[in-house]
Amino acid sequence: MESLLRFDNRFVAELPADPESGPRVRQVHGALYSHVLPTPVAAPRLLAYSAEVAAELGLDEATIASPLFAQVFAGNALLPGMDPWAANYGGHQFGSWAGQLGDGRAISLGEAITPGGERRELQLKGAGPTPYSRHADGRAVLRSSIREFLCSEAMHHLGVPTTRALCLVATGEGVVRDMFYDGHPREEPGAIVCRVAPSFIRFGSFELPASRSDHALLARLVDFTIARDFPQLTGSPGQRRAAWFTEVGERTARLVAEWMRVGFVHGVMNTDNLSILGLTIDYGPYGWIDAFDPDWTPNTTDAASGRYRFGHQPQVARWNLLRLAGALLPLFGDGEALRDGLRRHDEAAHAAARHTVAAKLGLAECRDGDPELMADLCALLHAAELDMTLFFRALADIDPVSPRWAAFDAACYDGGKRDAAAGALAAWFRRYAARLAGDPLPVAERRARMRRANPLYVLRNYLAQQAIERAEQGDDCGIHELLELLHRPYEEQPGRERFARRRPDWARERPGCSQLSCSS
Ligand code: AMP
Ligand code: MG
């Protein structure tokens, strides 16, 4: 393995470091990271890995099976060229400025250069205390690590931009968590995920130096980010900064449109959890829409305000982008380039939402009136309590002129509500049939388009929870089954129909299956 991974750690080579290393908790000024080593764990055991991420990194099966692999990705050993650090950043949490946050339990090992010449930062989540751990332990529990490992891989195969995961390692150590925040902490098994992305720089990475009026540090980070992560941008330094902000805004808009397409609710869209690359990052109390509900959030911490509810995600992304613009303003003169970037974000969000409408409904293009057709359908799905994933999947097979209602039985959570909405649904199908009659796509192409936009298998909250409960009993097979299933989310997989079923009644209010706390 030593010879297989090559590192080129530009973040630490080119940006200012905290002069103190080690995990003593502190405020770190004038620096973008601190050197800190992972804290070794008792008994590393590899639970799962992503074969594609391993292959991309040039790691073969023998390497992965070697004891050294589990040691390295548990934080017990370093490979030559690794130079661990924790990044320093701030963020707005639930609408308020939270000051310095930083990697409290993530430790980056290095920037690997793949055999294909791509840069991939390898980051352990749950590797022990850092200067940014505040009062917490720097560790992660098995349940949240399984959720991050599986969901980031699932998102990739859904075609949604995301950080990825190389592997999931059990630490052999207990971690104490008060899962319900009700004064009953218990010990749970600990684990570490190795996350992989070209960059883990966040909106909050720029907000922290800006909040301290450290404009020199802010400028260094901006220009570093552009040079390392956006090398395709050209022009004068000012032009590059302007084009960069626009690109961040456009990527963020497209990212959130993809979440809306597949029914993903991030759950904690704080500015420290928004990637500068427009990737889904920091999988915590996320969830998947079962019965369609724009007001649903999986995050119990956010249940009252619903700030990060499903239907609100595009607005939150824009709010976060405004915070980023505010942080960057000292570098942007009169700010006109930032205003222009925000306009371009809005256009990209609008275009992406229209694209989603056309793809999900199987239209050649989105015409005037189509967004309204979709909005009316969504209101009906909500009123009738129909499963988002199963409804859109069934829609591809339906004859819109005389829909067979039984096709939607699998999507139905409440027969009474469905029956109450039946007349309105029939009226909607008449509009849809008329719209399709005027659409140039041949039926087979329409159906194919819809099956590419409407997944059959998503990481339903209860499915993840079942795999977690098995793993907590020592049986990792549930993790492997889901990992394999979610490779091909748009394809019917004979024998795996049970993974496509709607949320069972027992899972409706069960912790982990519908509601999650931030405790992880
Ligand atoms: P999150 O909501 O997961 O994005 O975390 C917000 C902040 O809390 C980040 O600075 C994290 O690094 C930090 N944090 C969360 N959990 C822990 C933990 N167990 N130990 C140390 N820091 C943590
Ligand atoms: Mg975070």
Side-chain angles (χ1 to χ4, degrees), residues 22-28 32-34 36 38-39 41 75 84-108 121 123-145 147-149 151-152 162-163 171 173-179 181 185-193 195 197 199-208 211 265-277 279-287 297-302 307-308 316 320 323 516-520:
R24 188 185 68 83
V25 170
R26 55 193 180 264
Q27 290 290 308
V28 175
L32 293 162
Y33 64 93
S34 305
V36 60
T39 303
V41 297
W85 74 93
N88 187 14
Y89 53 81
H92 279 84
Q93 297 184 314
F94 297 95
S96 307
W97 173 243
Q100 176 182 302
L101 295 169
D103 284 333
R105 57 168 164 177
I107 296 182
S108 290
E121 184 169 330
Q123 185 180 79
L124 303 183
K125 183 165 173 180
T130 79
Y132 311 100
S133 298
R134 291 172 285 164
H135 306 294
D137 58 7
R139 294 296 184 191
V141 292
L142 178 62
R143 62 183 153 80
S144 69
S145 305
R147 283 168 50 83
E148 171 138 15
F149 176 78
C151 198
S152 62
T162 180
T163 61
T171 60
E173 292 183 1
V175 174
V176 176
R177 289 289 181 272
D178 185 356
M179 185 165 145
Y181 297 127
R186 69 174 181 106
E187 190 175 277
E188 301 184 46
I192 296 175
V193 173
R195 317 199 280 193
S199 165
F200 285 92
I201 295 173
R202 303 126 191 281
F203 286 15
S205 308
F206 302 91
E207 287 180 281
L208 184 62
S211 76
V265 191
H266 183 286
V268 206
M269 289 178 72
N270 294 332
T271 54
D272 55 304
N273 293 340
L274 259 85
S275 144
I276 205 69
L277 292 182
L279 307 173
T280 313
I281 192 174
D282 277 6
Y283 292 84
Y286 68 82
T297 173
N299 182 356
T300 49
T301 313
D302 189 33
R307 179 180 177 87
Y308 298 142
V316 174
N320 287 346
R323 301 286 77 72
L516 293 127
S517 74
C518 283
S519 158
S520 59

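Each ligand, and each atom within it, is numbered from 1 in the order the structure gives. Here, residue 1 is the first one in the sequence, and each next residue gets the next number. Because the structure is predicted, anything quoted here is derived from the model rather than measured.
Around ligand 1 you find Q93, L101, G102, D103, G104, R105, S133, R134, A136, D137, G138, R139, R177, D272, N273, D282, each with a heavy-atom distance below 4.0 Å.
F149 has its ring centre no less than 6.0 Å from the ring centre of Y283.
One finds the OG atom of S211 at 13.5 Å from the CZ atom of R323 (value rounded to the nearest 0.5 Å). Note that CG of D302 and CG of L516 are 12.5 Å apart. Values are rounded to the nearest 0.5 Å.
Partners of R134 by salt bridge (Lys or Arg N to Asp or Glu O under 4.0 Å), not counting sequence neighbours: none found. Taking E207 as the reference, nothing meets the salt bridge (Lys or Arg N to Asp or Glu O under 4.0 Å) condition, with sequence neighbours excluded.
Protein-derived N/O/S atoms nearer than 2.8 Å to the Mg ion (ligand 2) total 2, waters excluded.
Relative orientation of the Y308 and F94 rings is tilted, given thresholds of 30° and 60° on the angle between their planes.
S520 approaches R105 most closely through the heavy-atom pair OG-NH2, 2.7 Å. Residues P84 and V36 share a closest heavy-atom pair of CB-O, 3.2 Å. When all heavy atoms are compared, the tightest approach of R177 to D137 is NH1-OD2, 2.8 Å.
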